[in-house]
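Here is the structure we will look at, set down as structure tokens.
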2 protein chains.
Amino acid sequence: MSDLLERLRGRGFRLTAQRRVVAEVLDGDHVHYTADEVLARATARLPEISRATVYNTLGELVALGEVLEVSTDGRAKRYDPNAHSAHQHLVCSRCGSIRDVRPEGDLLSTLPEGERYGFRVSGAEVTYRGICPDCAERRGK
Amino acid sequence: MSDLLERLRGRGFRLTAQRRVVAEVLDGDHVHYTADEVLARATARLPEISRATVYNTLGELVALGEVLEVSTDGRAKRYDPNAHSAHQHLVCSRCGSIRDVRPEGDLLSTLPEGERYGFRVSGAEVTYRGICPDCAERRGK
DNA sequence: ATCTTGACTTGGACTGTGTCTAATGTAGGC
DNA sequence: GCCTACATTAGACACAGTCCAAGTCAAGAT
């Protein structure tokens with residue numbers, strides 16, 4: 001994400017303090033915040049930032065392909081800055097936390113031609129479901 | 001779904017007109033209605049049915065494993081009555097419509113032990129993304 | 001350095017999806 | 001046919017996200 005701001009400027013985007021802060025919040029590995037979590041962390045650095053701006057900026061980053069939108073359940077979408085490296089998600093069925101994982105094999109090729117019903121298939125994403133170590137431990141109580 | 005009502009009764013569920021109607025609406029292949037669509041169709045047969053009851057009944061059917069809950073985007077969840085036959089989903093990126101598909105291979109096995117991060121992994125679901133024939137055609141206009 | 005302007009941000013209202021509650025109704029055992 | 005615990009109802013509520021009109025500001029022009 002480090003040079004993201006430069007890339008944005010290269011595409012004609014104004015560099016505002018708000019966009020800088022949102023990009024900084026999303027920097028890192030295994031980061032999968034909800035919009036509200038991004039807002040909370042952004043507010044810590046820039047108290048007057050508004051919810052609408054966080055949503056706008058996240059939407060722009062997604063449209064540019066810099067950030068992935070992940071909706072693993074009916075709850076809030078999460079934003080994954082690791083868009084430039086192919087990976088899938090392992091989701092805790094209990095608390096909703098997410099880990100990036102890298103399965104083996106080519107998933108798209110597992111869908112035979114006869115199962116495509118005329119769709120132009122462009123991608124496949126896998127969600128592995130399970131219970132994370134924290135939740136497995138807590139359950140005993 | 002035909003004997004679903006009997007199975008429900010066997011598990012101590014009361015057979016009410018509302019539950020019957022919701023189960024009837026969900027009967028069929030390639031059915032993936034949202035809760036609101038279920039409500040609309042149920043209302044056509046039983047005008048006084050309430051939204052809360054539709055949500056309650058859908059939740060019960062999911063808890064019993066008779067129906068699958070599918071959330072492929074941030075929009076409304078969809079309900080898939082085809083829970084007793086393993087399958088995955090092919091989703092149109094444009095209109096959100098869903099087809100059931102049956103890919104080859106065992107998806108769970110594609111996640112190596114070293115990529116499980118202490119999770120107890122219980123399942124894998126694949127969402128294939130593409131453009132459905134209807135949308136591909138419409139786009140030309 | 002200052003001006004100008006159109007893009008950006010803001011707060012708050014609004015929408016869609018889903019949940020909760022207290023009051024009322026009813027399926028099924030007796 | 002009665003009883004009662006479970007189911008249903010309408011509407012209030014909660015959460016995630018979108019929209020809008022008004023004010024602000026980044027950055028190119030001067």
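Any value given below was found using the heavy atoms of this structure, including those in side chains, with hydrogens, waters and symmetry copies removed. A note on names: the letters A, B, ... follow the listed sequences, proteins ahead of strands, and every chain is numbered from 1.
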How long is the line joining [atom1] of [X] and [atom2] of [N], in whole Å?
X	N	atom1	atom2	value
A/R9	D/dG28	CZ	C1'	12 Å
A/E60	C/dC8	CD	P	7 Å
B/R19	D/dT9	CZ	P	11 Å
A/L8	C/dA7	CG	P	17 Å
A/R20	D/dA26	CZ	C1'	10 Å
B/R11	D/dC6	CZ	P	18 Å
A/Q18	D/dA26	CD	C1'	11 Å
B/F13	C/dG28	CZ	P	13 Å

Side chain proximity check, [X] to [Y], heavy atoms < 4.5 angstrom:
X	Y	answer
A/V22	A/V38	yes
A/V54	A/V25	no
A/V70	A/T127	no
B/D80	B/D100	yes
A/L39	A/I49	yes

Sub-3.5 Å pairs of nitrogen or oxygen atoms, protein against nucleotides 21-24 of chain D:
none

Encode nucleotides 18-27 of chain C as B, S and - characters from 5' to 3', where the letter depends on protein heavy atoms closer than 4.0 Å: B to the base, S only to sugar-phosphate, - to neither. BBB-----BB
Six-ring centre of A/Y33, A/R41 cation under 6.0 angstrom, axis tolerance 45°: yes
So, is the end of the A/R99 side chain (NZ or CZ) under 6.0 Å from the ring centre of B/F119 and within 45° of the ring's axis? no
Salt bridge between A/E60 and A/R11, side-chain N to carboxylate O under 4.0 Å? no
State which of D/dT9, C/dC8, C/dT10 makes the closest approach to the side chain of A/I49. C/dT10
Taken in chain and number order and not counting sequence neighbours, the residues that satisfy ring pair (Phe, Tyr, Trp, His ring centres under 6.0 Å) with B/H32 are B/H89
